[in-house]
Amino acid sequence: MLLIILKFTLYLFERKRSLKNIFQIIRCMVGESFEECGSREMKEETGLDIDQVELLTVRNIIFLEEPEPSHYVTIFMRAVLADPQQVPQNLEPHKCDGWDWYDWDNLPKPLFWPLEKMVQAGFNPFPIA
């Protein structure tokens, strides 16, 4: 699961240590609802409390032409901070080099593959007004 956290027009990204410093949004595992998983993982990894957790889309993304072929079924979720004044903490420094906010039009590189493919395809996580 990829959980996009909005703070005004900024998005929270993690620099993942185990994936060659690739940037990604929070990832979750199965065993609970998507909303519960996203809230729990966000709290465990950043200390942030979130609200309005919602499903955006599910994508079946296959990378057969890559140097390391892979297949991802990726669940894209969106949420907002319960308190916009919260600051993310790096609660898993052995896995993560830190968290930073980025504008959607100026995302860090390299992105996690499924997210990169969605961005290239024009994916927009902003709420529809």
Side-chain angles (χ1 to χ4, degrees):
M1 176 188 303
L2 296 178
L3 179 62
I4 298 170
I5 303 299
L6 293 102
K7 180 179 180 181
F8 309 109
T9 61
L10 301 177
Y11 296 86
L12 185 63
F13 280 81
E14 167 190 26
R15 184 188 318 248
K16 196 71 175 173
R17 184 170 291 195
S18 64
L19 295 173
K20 303 175 188 170
N21 286 328
I22 199 164
F23 286 89
Q24 69 178 34
I25 46 188
I26 200 162
R27 292 178 17 187
C28 299
M29 304 300 168
V30 295
E32 57 202 328
S33 77
F34 298 150
E35 295 82 6
E36 291 168 338
C37 180
S39 294
R40 178 187 51 74
E41 284 285 325
M42 183 57 60
K43 185 70 170 178
E44 287 176 5
E45 295 184 21
T46 68
L48 297 174
D49 293 309
I50 58 175
D51 284 331
Q52 301 174 35
V53 183
E54 60 183 315
L55 175 68
L56 293 179
T57 189
V58 177
R59 291 290 189 256
N60 184 33
I61 304 172
I62 301 170
F63 299 98
L64 296 179
E65 308 304 320
E66 299 296 329
E68 296 178 30
S70 54
H71 181 187
Y72 294 89
V73 175
T74 308
I75 303 157
F76 288 84
M77 305 286 292
R78 177 178 56 213
V80 297
L81 292 173
D83 173 2
Q85 301 305 313
Q86 294 177 94
V87 176
Q89 305 166 54
N90 187 1
L91 300 178
E92 295 183 343
H94 58 288
K95 295 180 183 177
C96 173
D97 286 331
W99 294 88
D100 290 301
W101 295 99
Y102 293 90
D103 185 85
W104 192 255
D105 294 326
N106 192 26
L107 297 176
K109 302 256 188 278
L111 290 173
F112 180 56
W113 283 354
L115 180 58
E116 180 180 356
K117 296 298 182 198
M118 290 292 289
V119 170
Q120 289 172 350
F123 174 69
N124 185 346
F126 281 105
I128 298 172

If we only count heavy atoms from C-beta on, is the V73 to V58 side-chain gap below 4.5 Å?
yes

Roughly how far, to the nearest 0.5 Å, is the CZ atom of F112 from the CD atom of E116?
11.0 Å

Can you tell me how the ring of W104 sits relative to the ring of F123, calling it parallel under 30°, perpendicular over 60° and tilted otherwise?
perpendicular

Is any side-chain heavy atom of V119 less than 4.5 Å from a side-chain heavy atom of L111?
yes

Between OG1 on residue T46 and CD on residue E44, distance to nearest 0.5 Å
10.0 Å

Walk me through whether W99 and E45 qualify under side-chain contact (heavy atoms from CB on, under 4.5 Å).
CA-CA 10 Å; W99 294 88; E45 295 184 21; 3.6 Å; yes

Can you tell if the side chain of M77 reaches within under 4.5 Å of the side chain of E35, non-hydrogen atoms only?
yes

Smallest heavy-atom separation, I61 atom then P114 atom, equals CD1-CB, 3.7 Å

Which atom names give the shortest non-hydrogen contact between G98 and N90, and what distance separates them?
N-ND2, 3.6 Å

Does F63 reach the side chain of H71, with side-chain heavy atoms less than 4.5 Å apart?
no

Backbone of P125 reached by a side-chain donor or acceptor of R78 within 3.5 Å:
yes

When clusters are formed by joining ILVMFWY residues with side-chain heavy atoms under 4.5 Å apart, either directly or through shared neighbours, do Y102 and V80 land in the same one?
yes

What is the distance from atom CD1 of I50 to atom CD of E41, rounded to the nearest 0.5 Å?
10.5 Å

Considering only heavy atoms from C-beta outward, does the side chain of L48 approach that of Q86 to under 4.5 Å?
yes

Under 3.5 Å, is there a donor-acceptor pair between the side chain of D51 and the main chain of L81?
no

Between F76 and L55, is a side-chain contact (heavy atoms from CB on, under 4.5 Å) present by the stated rule, with each step listed?
CA-CA 6 Å; F76 288 84; L55 175 68; over 6 Å; no

With S70, which residues qualify under side chain to side chain donor-acceptor pair (under 3.5 Å), at least two apart?
none

Under a 4.0 Å N-O cut-off, is there an ion pair linking E36 with R40?
no

Would you say V53 and S39 make side-chain contact, with heavy atoms under 4.5 Å?
yes

Between T57 and M118, is any pair of side-chain heavy atoms under 4.5 Å apart?
yes

